[in-house]
Protein chains: 2
Amino acid sequence: MSKRRKVGNLLAPALLATVIQRPTHPYEMASLLRARGKEDDMEIKWGSLYTVVGNLVKHGFLEVADTTRRGARPERTVYRITDAGRAELVDWARELVSIPQPEHPKFKAGLSVLATLSPDEATTLLRDRLDRLEQAIAASRASLTRYGRDVPRLFLVEDEYELAVREAEAAWVRSLLDELASGAFPGLAMWRRWHATGEIPPEMAELAERGSVD
Amino acid sequence: MSKRRKVGNLLAPALLATVIQRPTHPYEMASLLRARGKEDDMEIKWGSLYTVVGNLVKHGFLEVADTTRRGARPERTVYRITDAGRAELVDWARELVSIPQPEHPKFKAGLSVLATLSPDEATTLLRDRLDRLEQAIAASRASLTRYGRDVPRLFLVEDEYELAVREAEAAWVRSLLDELASGAFPGLAMWRRWHATGEIPPEMAELAERGSVD
DNA sequence: GGACACATATTCGTTCACGAGTATTCGTTG
DNA sequence: CAACGAATACTCGTGAACGAATATGTGTCC
């Protein structure tokens with residue numbers, strides 16, 4: 001499938017896209033990213049920053065342009081992008097945009113063990129999530145409007161995308177909650193009985209053994 | 001925020017949820033998960049499986065129940081869940097369900113470097129993505145209907161969730177494509193000119209320096 | 001009946017991500 | 001003008017994640 005990259009960390013394309021504008025030192029790359037509101041995108045980890053820059057250099061995507069010192073502060077190494085780096089950035093961008101990848105959000109992991117909770121508790125927790133989601137959505141919408149005033153739309157698409165996805169999630173949770181509240185959720189009675197008595201319902205017994213070894 | 005777990009890997013709750021049914025050896029945990037169609041959820045990595053089980057043991061969430069051998073095959077170690085393990089599973093499930101976490105899908109990383117591509121190429125690539133998304137959605141829908149025949153809805157919620165999110169993504173991409181095709185996308189002319197001439201448009205010059213150091 | 005693919009079951013070594021620490025300087029507030 | 005918090009700039013060690021290798025068992029197709 002998608003050929004495996006020499007440098008795999010998703011911080012890398014963001015860094016390349018920063019350095020492509022002009023040579024920079026690592027700390028400034030992070031600072032520029034942050035100023036553009038990508039902190040949420042990338043959650044910049046200081047530990048990774050220097051490792052990733054190092055790897056980019058090792059594979060010829062960046063090269064040292066200069067080293068300077070201001071006062072007694074640690075020395076700065078300023079990096080410049082190479083032709084290979086430009087090529088890698090464009091190629092990677094193409095791949096990221098055009099090929100949907102299976103994602104593994106935490107919520108999915110949570111849903112896949114939802115059965116460990118009782119239906120009543122699940123309902124309460126889902127309601128909590130919905131509240132939090134709605135708050136996050138409102139905040140995100142507000143911040144988009146604010147940024148929208150002086151940042152071109154082109155640099156806000158990721159945030160618009162995220163907002164759209166979060167809204168879809170909220171809608172889905174809402175509809176699940178409806179089914180749980182109204183009792184329309186199929187198998188709800190079984191689920192409830194199972195948690196009340198602790199007995200594995202016959203409908204599930206055979207199911208649980210699927211994939212056994214031996 | 002969410003207190004940091006002794007064992008952080010999201011494979012862990014899935015494993016605990018498997019072992020809670022009856023004692024099992026690692027390979028069988030994976031095999032059971034796979035049979036339940038969680039392979040996509042978790043993308044089981046053989047390398048991680050044994051590390052994670054080991055860590056679960058180290059922190060007292062699992063304990064050795066038995067070791068057996070069949071023929072000349074490697075020895076199996078069968079694990080059993082502990083009370084601490086049960087508590088951890090439930091607590092973790094609660095957290096995963098009720099607290100939305102910032103996610104970092106690859107597409108978002110792609111969108112955040114979308115400007116490195118020309119508007120025309122971006123359009124083509126987004127169309128590719130939409131095609132692939134639609135195929136994935138159709139496949140996912142088909143598999144849900146098939147499973148739905150004999151697996152209770154409760155064990156398919158993650159897949160329903162994923163489907164809903166993918167559909168939202170497709171809708172969002174579609175609407176972005178419309179704006180690009182019709183020319184309604186704000187700043188499209190600027191974006192196009194910039195890629196044609198290579199000159200940084202004045203609207204962006206000041207923007208690009210935001211967050212500079214010094 | 002022999003060959004080949006697929007399943008069983010795990011170990012090991014390497015790479016990589018990242019948290020936490022460090023040391024200086026700047027800006028601000030009382 | 002002193003003091004303190006924030007920003008600057010990076011280093012290092014730990015531990016987790018994973019790829020790849022290993023080796024036998026089992027089913028099946030001709």
Side-chain angles (χ1 to χ4, degrees), chain A residues 1-12 14-15 18 23-35 39 42-59 64 66-79 104 109 210-214, chain B residues 1-12 14-15 18 23-35 39 42-59 61-62 64 66-79 104 109 210-214:
Chain A
M1 274 304 107
S2 63
K3 62 175 166 293
R4 91 180 353 43
R5 304 269 159 197
K6 306 266 189 72
V7 180
N9 198 308
L10 281 182
L11 186 53
L15 294 177
T18 308
T24 347
H25 55 104
Y27 188 90
E28 191 173 32
M29 299 175 203
S31 153
L32 288 162
L33 283 177
R34 228 186 315 158
E39 347 98 79
M42 318 280 4
E43 191 80 39
I44 296 151
K45 327 272 183 157
W46 291 112
S48 304
L49 179 60
Y50 292 87
T51 315
V52 171
V53 169
N55 289 340
L56 287 171
V57 172
K58 193 166 73 189
H59 292 97
V64 175
D66 198 9
T67 65
T68 62
R69 175 184 292 277
R70 278 185 49 88
R73 280 196 246 172
E75 193 171 66
R76 291 171 176 170
T77 306
V78 178
Y79 298 92
H104 306 294
R210 243 181 246 182
S212 306
V213 161
D214 259 9
Chain B
M1 267 318 98
S2 62
K3 61 174 167 292
R4 81 181 6 40
R5 306 269 158 197
K6 308 268 188 73
V7 180
N9 198 310
L10 282 182
L11 186 53
L15 294 177
T18 308
T24 346
H25 56 104
Y27 187 89
E28 191 173 32
M29 299 176 204
S31 152
L32 288 163
L33 283 177
R34 226 182 319 155
E39 346 100 78
M42 318 280 6
E43 191 80 36
I44 296 152
K45 325 272 183 155
W46 291 113
S48 304
L49 178 60
Y50 292 86
T51 314
V52 171
V53 169
N55 288 341
L56 287 171
V57 171
K58 192 166 74 190
H59 292 97
F61 300 136
L62 291 182
V64 174
D66 198 10
T67 65
T68 62
R69 174 186 291 278
R70 279 186 47 91
R73 281 195 245 173
E75 195 171 62
R76 292 171 176 172
T77 307
V78 177
Y79 298 92
H104 306 294
R210 244 181 245 181
S212 306
V213 160
D214 260 7

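In what follows, every chain begins at residue 1, and chains take the letters A, B, ... in the order their sequences are listed.
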Query raised in the report: Is any side-chain N or O of B/H25 closer than 4.0 Å to OP1 or OP2 of C/dT10?
Result: yes

Query raised in the report: Atom CD of A/E28 and atom P of D/dA7: how far apart are they, to the nearest Å?
Result: 16 Å

Report task. Could you grab the distance from atom OH of A/Y27 to atom CH2 of A/W46, nearest 0.5 Å is fine? Result -> 5.0 Å

Report summary line: Rounded to whole Å, CD1 of B/I44 lies from C1' of C/dT8 at a distance of 15 Å

**Report entry** Note, B/T68 side chain near B/H25 side chain (heavy atom, < 4.5 Å)
**Finding:** no

Query raised in the report: Hey, does the side chain of A/Y27 come within less than 4.0 Å of D/dC10's phosphate (OP1/OP2), counting only N and O?
Result: no

Report task. Using a heavy-atom cut-off of under 4.0 Å over every strand shown, decide if B/T77 touches base, sugar-phosphate, or nothing. Result -> sugar-phosphate

Query raised in the report: To the nearest angstrom, how far is B/M29 atom CE from C/dT8 atom P?
Result: 15 Å

Protein-nucleic acid N or O pairs under 3.5 Å, nucleotides 13-19 of chain D:
residue	atom	partner	partner atom	Å
D/dA17	OP1	B/N9	ND2	3.2
D/dA17	OP2	B/N9	ND2	3.4
D/dC18	OP2	B/S48	OG	3.0
D/dC18	N4	B/G47	O	3.4
D/dC18	N4	B/T51	OG1	3.4

Report summary line: Separation between NE2 (B/H104) and CG (A/L11), nearest 0.5 Å, reads 11.0 Å

Report task. Kindly calculate the angle separating the two end axes of the helix from C/dG1-D/dC30 to C/dG30-D/dC1, each obtained from five base pairs, and round it to 10 degrees. Result -> 30°

Query raised in the report: Which of these, A/I44, A/L33, A/T24, sits in a side chain to side chain contact (heavy atoms under 4.5 Å, CB included) with A/L15?
Result: A/L33

Query raised in the report: What residues form a side-chain contact (heavy atoms from CB on, under 4.5 Å) with B/T77, not counting sequence neighbours?
Result: B/V64, B/T67, B/Y79

Requested in this report: Quickly work out the B/R34 CZ to C/dT8 C1' distance and round it to whole Å.
Outcome: 10 Å

Query raised in the report: With sequence neighbours left out, what residues match B/A12 under side-chain contact (heavy atoms from CB on, under 4.5 Å)?
Result: B/V7, B/V52, B/L56, B/W92

Query raised in the report: How would you list, by chain and number, every residue that makes a side-chain contact (heavy atoms from CB on, under 4.5 Å) with A/K6, sequence neighbours excluded?
Result: A/H59, A/F61

Query raised in the report: Of all the nucleotides listed (D/dA9, C/dT8, C/dT11), which has the minimum atom distance to the side chain of A/Y50?
Result: D/dA9

